[in-house]
Engineer: 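First the structure, then my questions, so here it is.
In the text below, chain A, chain B and the rest are named by the order of the sequence lines, each starting its count at 1.
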Amino acid sequence: MGQLTPALAGGAAASPPRRIDTGKVLSLGALLAPAVLLLAVGLLWPFLMMLRMSFLDRFPDPTGLTLEFYTAVLTDTYFLRIIGRTFALGLVVTAITAVVAYPVAWYLARSRSRWKHLVFLGVISPLMVSIIVRTIGWTIILGNEGFINAMLTSLGIIDTPLRLMQSFWSVVAGMVHILIPFMVLSIASVLGKIDPSYAEAATVMGANPVRTFLKVTLPLSVQGIAAGSVIVFCLTVGAYVTPVMLGRGQVNVLAVTIHEQMVVLVDWPTGAVVAMVLTAGTMVVLTLYGLFLRRHAQR
Amino acid sequence: MIKANPSDAVGVDLRDVQKWYGSVLAVRGVSLAIAPGEMVCLLGPSGCGKTTTLRMIAGLEKPDAGDIRIGDTLVNAVSPWKRNIGMVFQNYALFPHMTVHENVAFGLTMRNRPAGEIRAAVEDAMAQVRLAGYGDRRPSQLSGGQRQRVALARAIVTKPNVLLLDEPLAALDKKLREQMQVEIRQLQRAVGITTVFVTHDQEEALTLADRIVVMEEGQIVQIGSPADVYERPKSRFVSDFIGFTNAVGGKVVSVTGTTARIETASGHSLDIPGAEGVAAGDEVDLVVRPEKVAIDPPEGSGCVVVEGDLVHTVYSGAVTYFHVDIGRGAILIAMAPNAHGAASALPTSGARLRLGLTPDTVLVFPRRG
Ligand SMILES: Nc1ncnc2c1ncn2[C@@H]1O[C@H](COP(=O)(O)OP(=O)(O)OP(=O)(O)O)[C@@H](O)[C@H]1O
Ligand SMILES: [Mg+2]
């Protein structure tokens, strides 16, 4: 039967318009299975465990469910300050990364220079070095005997070293450096796909380069900024190594607190609640991003 | 109604304009004076430098040599956003993040006009391209022809000095294209704007242009009215491009005045008037349009009769092309309208046909390379 369609061969009852192609479904399922399995085992299961733990009155050996730990965390200024600091860190790092990355992305997307490949390598270089090595590099630059303090002292601008380490901004610097490749690549991929004739049309219609950028190129590249921002924000608020190493215990963020509560203080439910706060924060950002995408898909 | 005061229209003048891309000379010394209010078509095969020439007028490319004037102003060093140009891109380049209204308003917004004036001008322009009421749509919600009209409205709403169109109809199907050709022509006449139109479609150029500029490899090879270019192409290249599909080899036997006696490869002898630039002994090509070759001409009609065997028939709807071997393998194509009768009534291969050539429709060019 030469004319047997794959759908029929797959065994599905042929009843249009809702014909299910079993063969297709099976092969799709096979393709997705590893990812689904990985997500289920590596993400969903621990998340559900954590969610449950955050409502337990004690762990191990729970005797019942309670909201006590949520109330405790969300009314304690110690935790509230950490929550605020973490999301502020996320916003600041995202904003700085976007501003720094945009011109680089522009260059990568538009330039025909033969140095472009070197710039590209430079951009992704933070990804090629271990996070510990990179952070130690920043310690060398920002430390009390570090490069910046040494230079400022020898120039006679300061006589006691500035406390560059252990500060919010040292963590920001380290995070921006680590995360900039994600932002550059997100923006560059969108910029590279924008037809140059849009900007040319704007120019011919009387828009100078600044207005062309603000009215046409920037709005058309906003998807790249959004995608990059989501990645950078989520990675920042979940970061552990950089805040610990560059903050030296002075810049407490949620990931550090979770570790502290669970591993150091062995207060599992409080740690779980903090983890839920962190998850909720990233969920909000992802939801906003989803809404944004849906709005943009319509045009 | 957007309408330029005829005295407002300005001309465009190109003098020895050159453009290099790396080591490629894309435009090699183009000189062209476009009169105020005139519609000029740049016509030529792909890669001959039409777009580059247009982009230099717009200021999107800088000429490496030569001068460009718009009106009396030398614009070589004038930024494109200060040139007051209207341009329609091949892909229209309508901003996807703006509504149709915002797209059309863009040029006026950039000129910082008051909001009320902008709204009125946009509505005016939209009405002129028969799209009133479409302002709130996104470009993606329009058909190809509608997008084309929005692009046109957006280009004329600022009352530019010059309107530039780069193959604006290439993406449309044949019927819509023909309709839009008429609309663009009417609009251009109504607005009275100096226009440069790029196309590689000879029919489009003939329909639209006041003057046609034929380009080849970065140079202008002929400038003339549509009838001029159509009837009297100046070179074998132009004749090929403009639809002289018949070419029969030959040799000049003698030249008397401007009339050349030519012995064709098929063994015929023809006296061709107006043959310039050839001398006795030259190898030449005789070119003629298929529709100028008469089939079975009446006796005494004054044309030269050649006979041959029909080797091939191409039926193409309105007309049929007959490929006739007129001797020693030389093929002459004759075209006849399918006025009456069915295709089955057409002569079949092998039939003997009499063809008539009118000498003054036959052009003589020196044999190329
Ligand atoms: N940006 C560029 N860089 C390098 N070469 C270019 C560039 N733009 C055009 N060229 C070259 O310049 C020549 C003229 O190109 P142009 O685009 O003006 O041709 P065109 O007549 O518009 O052709 P088409 O009908 O295909 O659009 C071509 O040989 C082309 O390869
Ligand atoms: Mg072109």
Side-chain angles (χ1 to χ4, degrees), chain A residues 98 102 105-106 109-117 186-230 288-299, chain B residues 21-22 51 54-61 78-100 102-113 137-142 150-151 153-168:
Chain A
Y102 204 100
W106 181 287
R110 292 294 160 86
S111 166
R112 297 217 207 114
S113 154
R114 54 208 159 97
W115 303 112
K116 192 169 143 174
H117 302 286
S186 300
I187 297 175
S189 78
V190 172
L191 274 181
K193 274 182 268 170
I194 299 176
D195 188 331
S197 62
Y198 291 130
E200 288 177 350
T203 305
V204 170
M205 282 189 281
N208 63 32
V210 173
R211 294 181 96 177
T212 299
F213 175 76
L214 292 176
K215 294 278 180 189
V216 176
T217 312
L218 186 60
L220 288 177
S221 62
V222 73
Q223 302 218 29
I225 301 174
S229 296
V230 167
L288 288 177
Y289 180 60
L291 291 175
F292 165 85
L293 281 187
R294 180 164 328 159
R295 235 190 65 202
H296 271 253
Q298 283 167 357
R299 60 186 201 208
Chain B
Y21 287 116
T51 297
L54 206 68
R55 289 171 62 84
M56 285 192 288
I57 299 174
L60 296 171
E61 304 288 351
V78 177
S79 306
W81 59 92
K82 293 180 183 155
R83 289 193 187 190
N84 194 23
I85 296 237
M87 188 160 176
V88 176
F89 291 74
Q90 183 166 348
N91 60 357
Y92 314 142
L94 298 178
F95 303 133
H97 60 296
M98 295 183 193
T99 63
V100 166
E102 288 165 339
N103 263 284
V104 178
F106 191 86
L108 296 170
T109 312
M110 290 304 114
R111 284 161 175 78
N112 301 317
R113 295 283 165 72
R137 296 217 193 172
R138 295 268 173 188
S140 59
Q141 295 166 324
L142 298 178
V150 174
R154 191 174 73 164
I156 59 167
V157 74
T158 54
K159 299 187 181 166
N161 284 331
V162 187
L163 178 62
L164 305 174
L165 306 115
D166 191 357
E167 310 206 22

Engineer: Run the ring-ring contact (aromatic ring centres under 6.0 Å, His included) test against Phe292(A) and tell me which residues pass, sequence neighbours left out.
Structural biologist: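 By the ring-ring contact (aromatic ring centres under 6.0 Å, His included) rule, Phe292(A) matches His296(A).
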
Engineer: How close do Trp81(B) and Asn208(A) get, counting heavy atoms only, and between which atoms?
Structural biologist: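 Taking every non-hydrogen atom into account, NE1-CB, 3.5 Å.
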
Engineer: In Å, rounded to the nearest 0.5 Å, how long is the span from CZ of Arg83(B) to OG1 of Thr203(A)?
Structural biologist: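 Between Arg83(B) CZ and Thr203(A) OG1, I get 12.0 Å after rounding to 0.5 Å.
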
Engineer: Please report the closest heavy-atom contact between Lys215(A) and His97(B), naming both atoms and the distance.
Structural biologist: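 Answer, listing the atom of Lys215(A) first, then His97(B): O-NE2, 2.8 Å.
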
Engineer: Please determine, among Gln90(B), Met87(B), Arg154(B), the option with the most heavy-atom pairs under 4.5 Å with chain A.
Structural biologist: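 Counting heavy-atom pairs under 4.5 Å, the top option is Arg154(B).
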
Engineer: Does any heavy atom of chain B fall under 4.5 Å from the side chain of Ala199(A), the backbone, both, or neither of them?
Structural biologist: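 Neither part.
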
Engineer: Quick check on Asn84(B) against chain A: is it the side chain, the backbone, both or neither that has a heavy atom closer than 4.5 Å?
Structural biologist: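 No part of Asn84(B) comes within 4.5 Å of chain A.
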
Engineer: Any chance you could measure Glu200(A), atom CD, to Glu61(B), atom CD, to the nearest 0.5 Å?
Structural biologist: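 If I round to the nearest 0.5 Å, the distance is 7.5 Å.
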
Engineer: Of the non-hydrogen atoms in Ser197(A) and Phe89(B), which two are nearest, and what is the gap between them?
Structural biologist: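 Shortest heavy-atom separation between Ser197(A) and Phe89(B) comes out as CB-CD2, 3.8 Å.
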
Engineer: After noting the C-alpha distance and the side-chain angles of Val216(A) and Phe106(B), does the key distance pass the side-chain contact (heavy atoms from CB on, under 4.5 Å) rule?
Structural biologist: CA-CA 10 Å; Val216(A) 176; Phe106(B) 191 86; 4.1 Å; yes

Engineer: To the nearest 0.5 Å, what is the distance between CZ (Arg211(A)) and CG (Asn112(B))?
Structural biologist: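 If we round to the nearest 0.5 Å, Arg211(A):CZ and Asn112(B):CG are 4.5 Å apart.
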
Engineer: Can you establish whether the number of heavy atoms outside Lys116(A) located under 6.0 Å from its atom NZ is more than 12?
Structural biologist: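 It does: Lys116(A) NZ has more than 12 such atoms within range.
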
Engineer: What's the shortest heavy-atom distance between Tyr198(A) and Phe95(B), and which atoms?
Structural biologist: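 In this case the closest contact between Tyr198(A) and Phe95(B) is O-CE2, 3.2 Å.
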
Engineer: So which heavy atom on Ala207(A) is nearest to which on Met110(B), and how close?
Structural biologist: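 Heavy atoms only, the tightest pair is CB-SD, 3.5 Å.
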
Engineer: Scan Ile85(B), Val88(B), Leu164(B) and name whichever one has a side-chain contact (heavy atoms from CB on, under 4.5 Å) with Val204(A).
Structural biologist: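 For Val204(A), the side-chain contact (heavy atoms from CB on, under 4.5 Å) test succeeds with only one of Ile85(B), Val88(B), Leu164(B), which is Ile85(B).
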
